[in-house]
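A short worksheet on the structure shown next.
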Amino acid sequence: MPKLPVLVNAAAVLIILSGLMGGYAGWVDPRVFFAFMEGVAWEDPNLKFLNGLWGTRNIGLVVVLLAGLLLQNAWVLWAGFLARSVIEAQDMFILAPARLHLPDTPPVADPGLIDTLMAGFPLAVFAIEVVALVWLSFLLFRARGRTDL
């Protein structure tokens with residue numbers, strides 16, 4: 001099995017942290033990510049259940065990525081990055097454009113640093129996942145084709 005590059009390990013740590021934030025948002029306070037949604041009854045039991053599903057999905061993938069990181073197992077990390085990339089691509093490029101209704105308020109004229117970072121956060125996480133997935137795919141599938149391993 002190929003040795004994991006330092007940057008793939010770093011990507012795993014970043015995605016684990018992102019997943020922990022998603023777990024917290026799903027289980028405890030969805031406003032961490034969705035403060036821009038106005039008029040949402042976050043305490044509604046059905047919405048709390050749906051948010052909990054989102055939190056559970058995030059925590060489940062944190063466990064997979066953490067196992068891959070601790071075991072330094074490229075295949076486990078590859079599976080975790082693959083699952084996260086597929087989920088994030090659907091969330092951002094299929095579900096959000098089709099179903100998300102943003103408020104009609106104009107954007108903040110002078111957003112703060114946190115607002116600016118949070119606006120680009122989902123795309124940054126997705127980019128990290130995809131780069132790590134491609135890198136691991138190259139290492140793993142190239143290694144499978146070699147006979148001297």
Side-chain angles (χ1 to χ4, degrees), residues 1-37 40 42 44-103 107-108 111-149:
M1 179 159 325
K3 185 175 190 276
L4 292 174
V6 172
L7 290 177
V8 169
N9 283 317
V13 169
L14 291 172
I15 300 309
I16 287 168
L17 293 173
S18 169
L20 289 172
M21 287 173 54
Y24 174 83
W27 278 95
V28 179
D29 185 7
R31 288 168 285 223
V32 168
F33 284 117
F34 303 115
F36 63 88
M37 293 182 169
V40 177
W42 296 112
D44 177 89
N46 289 330
L47 195 53
K48 287 181 90 162
F49 170 73
L50 294 173
N51 287 333
L53 291 176
W54 180 57
T56 300
R57 177 183 78 181
N58 274 280
I59 296 302
L61 287 169
V62 162
V63 170
V64 171
L65 289 169
L66 189 58
L69 189 62
L70 293 174
L71 297 171
Q72 286 295 284
N73 188 306
W75 283 107
V76 174
L77 281 178
W78 181 85
F81 282 125
L82 177 64
R84 285 278 312 212
S85 296
V86 169
I87 290 167
E88 300 292 340
Q90 290 178 84
D91 286 352
M92 290 191 316
F93 303 119
I94 298 171
L95 187 59
R99 304 281 171 107
L100 185 61
H101 296 280
L102 297 174
V108 177
L113 178 61
I114 297 298
D115 294 325
T116 303
L117 291 175
M118 287 306 288
F121 184 76
L123 284 174
V125 168
F126 180 67
I128 291 167
E129 291 164 355
V130 170
V131 168
L133 177 64
V134 169
W135 195 342
L136 283 172
S137 296
F138 177 74
L139 291 174
L140 289 168
F141 293 108
R142 181 186 65 172
R144 285 181 60 105
R146 292 178 53 187
T147 59
D148 62 334
L149 293 178

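Numbering starts at 1 and runs along the sequence shown. Since this is a predicted model, take the numbers as computed values, not measurements.
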When rounded to the nearest 0.5 angstrom, what distance separates CG in Leu66 from CD1 in Ile59? 10.5 Å
Please give me the minimum heavy-atom distance between Leu4 and Gly68, naming the atom from each residue. CD1-O, 4.5 Å
Using side chain to side chain donor-acceptor pair (under 3.5 Å) as the criterion, list what pairs up with Asp91, not counting sequence neighbours. Arg57
List the residues meeting side chain to side chain contact (heavy atoms under 4.5 Å, CB included) with Ala89, not counting sequence neighbours, and say none if there are none. Phe93, Phe126
Residue pair Gln90 / Leu95, side-chain heavy-atom distance below 4.5 Å: no
Shortest non-hydrogen contact between Leu77 and Leu69, atoms and distance: CD2-N, 3.8 Å
Closest non-hydrogen contact found for Val62 with Ile16 is CG2-O, 3.6 Å
Distance, nearest 0.5 Å, that separates CZ of Arg84 from CD1 of Ile128: 10.0 Å
Those residues at least two apart in sequence (or on a different chain) that pass side chain to side chain contact (heavy atoms under 4.5 Å, CB included) with Val134 are Val130
Is there side-chain contact between Val13 and Leu17, with at least one heavy-atom pair below 4.5 Å? yes
Shortest non-hydrogen separation from Trp54 to Ala25 and the atoms involved: CZ3-CB, 3.3 Å
State, yes or no, whether a side-chain contact exists between Met21 and Phe121 at a heavy-atom distance under 4.5 Å. yes
Would you please name every residue forming a side chain to side chain contact (heavy atoms under 4.5 Å, CB included) with Val28, sequence neighbours left out? Tyr24
Looking at every non-hydrogen atom in both residues, tell me the closest pair between Val76 and Val64 and how far apart they are. CG1-O, 3.4 Å
Once rounded to the nearest 0.5 Å, what's the spacing between atom CD1 of Ile87 and atom CE of Met92? 12.0 Å
Closest non-hydrogen contact found for Lys3 with Leu139 is O-CD1, 4.4 Å
What is the distance from atom CG of Leu61 to atom CG of Leu20, rounded to the nearest 0.5 Å? 11.5 Å
Please identify each residue that fulfils side chain to side chain donor-acceptor pair (under 3.5 Å) with Trp78, with sequence neighbours left out. Ser137
Check: Ser85 side chain, Phe81 main-chain N or O, donor-acceptor pair, under 3.5 Å: yes
Take Trp42 and Phe34 through the test side chain to side chain contact (heavy atoms under 4.5 Å, CB included) and record every step on the way to the result. CA-CA 10 Å; Trp42 296 112; Phe34 303 115; 3.7 Å; yes
Which residue pairs pass the side chain to side chain donor-acceptor pair (under 3.5 Å) test when at least one of the two sits in residues 59-76, sequence neighbours left out? Asn9-Gln72
For Trp27, is the CH2 atom crowded, meaning more than 12 foreign heavy atoms sit under 6.0 Å from it? no
